[in-house]
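Report on one structure; see the data block that follows.
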Amino acid sequence: MKKILINLKSIVLVSLICFNITRISAQENALWLRYPAISPDGKTIVFSYKGNLYKVDAGGGAAAALTVGSSHSTMPVWSKDGQSIAFANNRNGNFDVFVVPSSGGKATRLTYNSANDYPYDFTTDNKQVIFG
């Protein structure tokens, strides 16, 4: 019985050491990539990184910024035709929905609600954004 307890203690100790090493490694390699959204044609991915939106080829490569600034942009959603990207941004205090051309450019604000608004999808004709 004593031998089993020693082996069990050893197993628990090794497990704790491995768990802590895994936690340390995960913290050192955190990339902070959030909310990836793939384009309708499957060729491009838009994602949130440290409060800005970036666009990258689905095959890899350098990412190009779609939004820049100190406000927080998040939750990108592609239009059905791939021409626009809706996203939430808090540049006015709370999260409102904005739309930017998928090629980049000036974002247009769509909502002015005092509560947070987040985009979920575009209508099938791409004329409206479904948000909540």
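Each residue takes its place number in the sequence, starting with 1.
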Check your understanding: What residues form a side chain to side chain donor-acceptor pair (under 3.5 Å) with S39, not counting sequence neighbours?
Key ->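 Applying side chain to side chain donor-acceptor pair (under 3.5 Å) to S39 gives D41.
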Minimal non-hydrogen separation, [X] against [Y], with atom names:
X   : Y    : answer
V46 : P76  : CG1-CB, 3.6 Å
I45 : P36  : CG2-CB, 4.2 Å
N92 : F98  : ND2-CZ, 3.8 Å
L66 : G104 : CD2-CA, 3.8 Å

Test item: [X] side-chain N/O and [Y] main-chain N/O as donor-acceptor pair under 3.5 Å:
X    : Y    : answer
R109 : T111 : yes
S71  : N90  : no
T74  : A88  : no

Rounded to the nearest 0.5 Å, how far does [atom2] of [Y] lie from [atom1] of [X]?
X    : Y    : atom1 : atom2 : answer
N116 : F131 : CG    : CZ    : 12.0 Å
S48  : L33  : OG    : CG    : 9.0 Å
T44  : I38  : OG1   : CD1   : 8.0 Å
L53  : R34  : CG    : CZ    : 14.0 Å

Can you list the residues that meet the side chain to side chain contact (heavy atoms under 4.5 Å, CB included) rule with [X], with sequence neighbours excluded?
X    : value
N126 : S79, K80, D81, F122
T108 : none
S102 : W78, I85
Y54  : F47, Y49, N52, A63, A65

Check your understanding: Can you name the ring-ring contact (aromatic ring centres under 6.0 Å, His included) partners of Y118, sequence neighbours left out?
Key ->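 Here the qualifying residues are F95.
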Exercise for review: Answer yes if the side chains of S73 and N89 hold a donor-acceptor pair under 3.5 Å, and no otherwise.
Suggested key: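 The answer is yes; a qualifying pair exists.
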Check your understanding: Taking it one step at a time, do V77 and V129 satisfy side chain to side chain contact (heavy atoms under 4.5 Å, CB included)?
Key -> CA-CA 9 Å; V77 176; V129 176; over 6 Å; no
